[in-house]
Amino acid sequence: MRFIEVPLTYTTPRLNPHSFSVYTPKTMENTSKNPSHSSHWADINADKIMRSRRTGDQEPTYVCASGITPSGTVHIGNFREIISVELVVRALRDKGARVRFIYSWDDYDVFRKVPKNMPQQEMLEKYLRWPITMVPDPFEKTTSYARSNEVLVEKLLVKVGISPEYLYQADKYRAGDYAQGMRRALEHRDTIRVILDEFRTEPLPEDWWPISVFSSFTNKDTTTVLDWDGQWGLTYRCDETGKTETLDLRTTPWAKLPWRIDWPMRWAYEGVDFEPAGKDHHSEGGSFDTARKVSEAVYGVQAPVTFQYDFISIKGRGGKISSSSGEVVGLDDVLEVYTPEVTRYLFAGTRPNAEFAISFDLDVIKIYEDYDRCERVFYGIDQVNDKKKEKESRIYELSQVETPAPTQPLQLPFRHLCNLLLIMNGEFQRAIRAFPEVAVLEAEDKLSPGWWATAENRAQCAWNWLQSFAPEDFVFQVRGPQDPAIALADYYEGITVNSAHRAAKILVQDLEGGNFSRLDEKALGDRLYEIAREADLEPKVFFEVLYLMIVGKTRGPRLAGFLKTLGTDRVLSILHAYGR
RNA sequence: GGGCCGUUAGCUCAGCUGGUAGAGCAGCAGACUCUUAAUCUGCGGGUCGAAGGUUCGAACCCUUCACGGCUCACCA
């Protein structure tokens with residue numbers, strides 16, 4: 001069980017997410033967490049596993065399995081599979097259980113079609129029907145097409161805190177690890193046939209065998225199994241060349257089991273206790289169902305605990321996420337915009353059997369705000385009722401890549417961070433230091449390297465989002481002295497233009513007199529209204545005019561704080577063009 | 001045709017093994033002589049898809065039905 005260290009005092013200030021103003025530190029309430037039982041879906045499944053599996057073992061090690069076919073770029077929908085398992089694995093470990101977390105790359109599957117997003121389409125065409133582990137890497141960086149897709153994911157998973165034990169099915173098959181399992185399937189040919197036929201529209205042909213073979217002459221799966229000698233000998237014909245050959249299951253690298261038999265065989269081989277599956281598998285007559293029956297009837301083991309997870313859709317980006325279509329949204333794309341913690345939060349906070357959309361539009365801000373609120377609930381900064389506290393806290397814990405820090409880390413509200421990044425032209429360090437709280441804590445040497453890494457990652461995500469997905473209205477660019485002055489006459493009548501210039505002049509005088517650095521944000525706000533009056537401008541017009549001068553648009557961040565953040569020199573350099 | 005999931009406020013959804021329905025957004029009222037789905041304060045709003053059943057008590061359990069979505073029956 002993972003306990004939360006509760007600090008006695010809270011020294012890190014909390015940011016007001018919507019203001020440029022200086023923070024007011026708060027004291028953290030002393031909270032007590034009851035870790036007895038959580039209603040989070042990962043914990044419920046962990047309980048279920050512990051109740052129903054390995055009940056006779058002295059010190060059970062629960063085997064949790066996940067896996068997919070790397071037949072194309074691994075997309076975010078596939079990621080749901082692995083993180084769902086990882087969350088249950090964590091839940092089990094938090095309950096003190098020992099767990100083996102395996103991830104099977106089904107890289108001995110057949111290369112069926114060339115995904116549109118792959119380079120070297122013509123080259124890949126030539127390898128259709130080969131096992132994907134023997135297809136060359138179109139990026140020419142790794143040993144195979146399959147490996148190329150695998151490597152990408154294995155690297156990314158580390159970033160989100162997921163490190164399973166990887167199993168490579170091609171290696172396992174070709175090393176003869178599954179020889180016994182294959183033989184067993186052959187021995188139970190008729191039993192398996194009956195199970196599969198139960199749900200088939202067309203019964204399996206009389207000469208069907210529960211095994212498939214790649215041709216050693218062509219490397220393709222276009223073969224016909226002819227006979228099995230009741231021991232280890234399997235005879236097949238290569239359909240293209242017409243040649244026949246007899247293999248020894250113990251040594252051949254060419255044979256494998258079809259999916260519906262392969263799956264239960266591996267459950268038995270690894271002793272799998274838990275493995276979820278997509279909704280396409282969970283249906284009567286679907287592959288989980290037939291695998292369950294084969295598992296019991298042929299391999300003599302009970303099918304693992306399972307649940308069904310739903311699909312993921314994408315919002316604010318367009319396109320689909322199928323690996324065979326051109327547009328693929330992968331974990332890498334999601335990590336461009338969401339930090340690893342927030343990415344985990346998306347999955348940990350949603351029931352697996354609910355479909356949800358990963359947003360790239362304005363929702364991104366809300367997601368970050370939700371995450372930050374969840375964090376404040378966890379640390380007891382935001383008060384909520386006990387139920388909610390328990391639920392949110394557990395989601396927060398499960399969202400962490402590392403164990404949670406002992407005290408609430410300084411938060412950088414996403415929206416404000418975006419504004420600062422825009423003001424600082426994407427310079428992360430400057431944007432982060434523009435938070436007054438950061439400057440204060442940094443001076444006191446209270447920001448850890450870990451905090452900085454997280455902060456910079458968030459800044460990177462915010463910047464990526466601003467560059468690629470943020471609505472145009474949301475984005476602005478501060479004008480520099482080299483930019484030509486905005487022609488106010490294009491926007492206003494002459495009288496107003498004159499007033500605008502007068503206002504700019506007053507502002508310049510204020511700035512040169514050092515007035516702004518003396519005033520706090522509130523006082524500066526009041527002073528701005530005074531200036532509007534002195535210049536004989538409607539406040540609304542006054543603000544528009546200043547935004548035009550500074551960002552070339554009639555709207556922008558709240559002006560007083562905005563000006564302070566920009567700094568006297570920068571504002572002066574812009575206003576000089578108008579205020580003479 | 002079979003199966004799975006869903007149906008709770010205008011919208012999106014929470015509601016732990018049954019104990020008087022809850023958030024966010026939207027709406028309405030007020031505040032802020034500016035604002036980036038603006039912020040703050042307050043308010044209203046639901047026969048929990050329908051009908052039966054079990055129970056002292058049902059959004060929750062059981063049965064039937066309606067509607068919606070997905071999925072299987074070819075391959076993985």
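Proteins get letters first, then strands, A, B, ... in listed order; numbering begins at 1 in each.
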Using the P atom as the point on both nucleotides, what is the distance between B:rA26 and B:rC16, in whole Å? 28 Å
Whole-Å distance separating the CZ atom of A:F474 from the P atom of B:rU35: 16 Å
If we take the P atom in both B:rG52 and B:rA58, what is their distance in whole Å? 13 Å
Test: A:D372 and A:R458 ion pair at under 4.0 Å: yes
Length of the line joining A:F414:CZ and B:rA37:C1', which is rounded to integer Å: 15 Å
Electrostatic pair A:R266:A:D262 at N-O distance under 4.0 angstrom: yes
Inter-nucleotide P distance (B:rG46, B:rU8), Å rounded: 15 Å
Closest to the A:R351 side chain: B:rC4, B:rA14, B:rA37? B:rA14
If the C1' atom of B:rU63 is compared with that of B:rU54, how far apart are they to the nearest Å? 11 Å
Rounded to whole angstrom, note down the P distance from B:rU7 over to B:rA50. 12 Å
Can you confirm whether the side chains of A:E275 and A:T306 place a donor and an acceptor under 3.5 Å from each other? no
Given the options A:Y166, A:Y168, A:F79, A:Y103 meets ring-ring contact (aromatic ring centres under 6.0 Å, His included) only with A:Y166
What residues, two or more places apart in sequence or in another chain, satisfy ring-ring contact (aromatic ring centres under 6.0 Å, His included) together with A:Y547? none
Nearest-angstrom distance, P atom, B:rG15 to B:rA9: 15 Å
Just checking A:K366: base, sugar-phosphate only, or nothing, at a heavy-atom cut-off of under 4.0 Å? base
Are a donor atom and an acceptor atom from the side chains of A:D109 and A:T69 found within less than 3.5 Å of each other? yes
Between B:rG18 and B:rG57, how far apart are the C1' atoms? Round to whole Å, please. 8 Å
If a protein heavy atom is under 4.0 Å from the base, mark B; if only from the sugar-phosphate, S; if neither, -; do that for nucleotides 69-76 of chain B going 5' to 3'. -SSSSSSB
Starting at atom CG of A:N353, determine the distance to atom P of B:rU7, rounded to an integer number of angstrom. 10 Å
When you match A:A354 and A:F543 each to their closest nucleotide on RNA chain B, which lands nearer the 5' end? A:A354
A:K391 atom NZ is separated from B:rA23 atom P, nearest whole Å, by 13 Å
Toward the 5' end of RNA chain B, which comes first, A:Q308 or A:L528, by nearest nucleotide? A:Q308
Validation row, ring centre A:Y108 to ring centre A:F214 under 6.0 Å: yes
B:rU33 OP1/OP2 closer than 4.0 Å to side-chain N/O of A:R533: no
Quote, to the nearest angstrom, the C1' distance that separates B:rC62 from B:rG24. 34 Å
